[in-house]
Amino acid sequence: MAAIFWLMILVPVVWSVITDPAPGFGRSKAASRNLACEQLNEDAVRRRYPGTLEEVSSRGDFVDIRTMACGARIMAYDERPVRDGLLLTALQERAADIAQKVIAQPDAAGRTWLVEAFYPDPKVATKLAFAVKAALVERQQKVSDRVPTLAAGDVLVLGATPPVRAYPLACARYQAEGSLAADDTLLMITLTDPRDVTLSVGRCTAGEWQWI
Amino acid sequence: MCQWVAALALGLLASGCSVVVYQPLMGLQEPVLADLQQANLSGTQVLLSCAAADAVDARRLCQRLEPLFSNQGAVVRTQSDAPDEGVAPLPVDLRVELVGTQVEEEGGTGSAAMAYMFLNLLPLSRESTFVQDVTVRDGQGFLLASRRLEGRLIEHFGVAYWVMTHLLNWVARGPAEQIGEQASKADMSRDLYGQLCQTVIAAQVRQRAFLLSAGGG
């Protein structure tokens, strides 16, 4: 009888401990950290996971239900460099934010957008530029995959110029060499500071440089 | 009689055995990008303001953050610091506001009472979620960064859980994987203070980006 009593107490407890997303017997700290968990109230659970909760009885339910929804992260935190991971985890939101800022410009209508991203890792730069182009297309903007070019001498001079002066200078050179058409605007996306993933966006239109 | 006294003494001794586990939730599980050993906030005038349901907790948080920012080169003041009479208020570059809330959830004090009542033989647990809202504004009140950091603390009662945890800590877990109150405190402090610093650094970077876009260099 005592054994049954202890089993009735222990089995649900052991089960809840093993399935709990917190570190413990069933999960290491690293594994727990790589879960994307959020606390949800009853309304949120019913909206996002319909059918998982029983319907409230007609007499009302006096239990305050809170639950935790966890999903595995697509990429674990230690699988790629920290900065790349932080940037790519919220890439869509960052690209949408940039696109929103760009189309909010007073002369945005009818322009063709060319996008270039400057980031230490060229693969991440390509992904960033692609995401911004996709976000602009989603907002019914005209986007070109054309890459404006500069002469070798210009590249050498720009490489030795401080970034604050290099962007306006590059913009002027693009215009002088005819790399940009009259309705083209080149967007340049850069990492503002290596200590954070804040991105700065500048635009080059008709030889004039402007940070957005 | 002796057996009963021994059992009671053992039970009372065991009633202090609980295991605290910390789980980082929103924001706290992210890695920190900035190197906090560097002078990230060199010369930045930071005004700190902390609020929580418990005023002592709020004051303690501000007291702990002050050296953390100072060590990175910031000049830190807390909101409660009364300005000297007749002296013009010092300029502020960043206003950091922290609001902490602790949400008591499953178990609560009832679980602890039950655990002590049954001499810690029953496997019970209580958990709470804490939320730290951090907002960083510039000297004029313009919002630069805002984040919500959320974590969960679970306290497991029961001698069996305590013994198993300590056995695994001793046999199978490395220093970084240890579970217990001390390890939970250390992990939580590292995550919380790291993310708070990262948020302030992000705000400073954004402030510079705004200056750049406004043509201020």
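Within every chain, numbering begins at 1; the chains are lettered A, B, ... in the order of the sequence lines, protein sequences first and strands thereafter.
Only the side chain of A:Leu86 comes within less than 4.5 Å of a heavy atom in chain B; its backbone stays farther off. The contact between B:Pro31 and chain A is made by backbone and side chain atoms together, counting heavy-atom distances below 4.5 Å. Both the backbone and the side chain of A:Ser28 come within less than 4.5 Å of a heavy atom in chain B. At a 4.5 Å heavy-atom cutoff, the contact between B:Thr165 and chain A is made by backbone and side-chain atoms alike. Heavy atoms of B:Val21 lying under 4.5 Å from chain A belong exclusively to its side chain. A:Asp78 does not touch chain B: none of its heavy atoms, backbone or side chain, sits under 4.5 Å away. With a threshold of 4.5 angstrom between heavy atoms, B:Val32 approaches chain A through N, CA, C or O but not through any side-chain atom. B:Leu33 touches chain A through backbone and side chain together, each having a heavy atom under 4.5 Å away. Interface remark: B:Ala176 contributes backbone atoms only to the contact with chain A (heavy atom separation under 4.5 Å). For A:Val201, no part lies near chain B; criterion is any non-hydrogen pair under 4.5 Å. Both the backbone and the side chain of A:Pro21 come within contact range of chain B, with heavy atoms under 4.5 Å apart.
Classification of the B:Phe210-B:Phe142 ring pair by plane angle, with boundaries at 30° and 60°, yields perpendicular. In this pair, A:Tyr167 and A:Trp209 present their aromatic rings parallel. The plane angle is below 30°, not in the 30 to 60° band. Between B:Tyr161 and A:Phe25, the angle of the ring planes lies from 30° to 60°, which puts this pair in the tilted group.
With B:Arg206 contributing its side chain and B:Leu144 its backbone, the two residues share a donor-acceptor pair below 3.5 Å.
A donor-acceptor contact closer than 3.5 angstrom links the side chains of B:Asp35 and B:Gln38.
The pair A:Asp121-A:Arg80 does not count as a salt bridge, with every side-chain nitrogen at least 4.0 angstrom from each carboxylate oxygen. Between A:Asp84 and A:Lys127 there is no salt bridge, since no side-chain N of the basic residue sits under 4.0 Å from a carboxylate O of the acidic one.
Around atom CD of B:Glu177, more than 12 heavy atoms belonging to other residues, nucleotides or ligands sit under 6.0 Å away.
The most heavy-atom pairs under 4.5 Å with chain A, out of B:Met26, B:His156, B:Gln198, come from B:Gln198.
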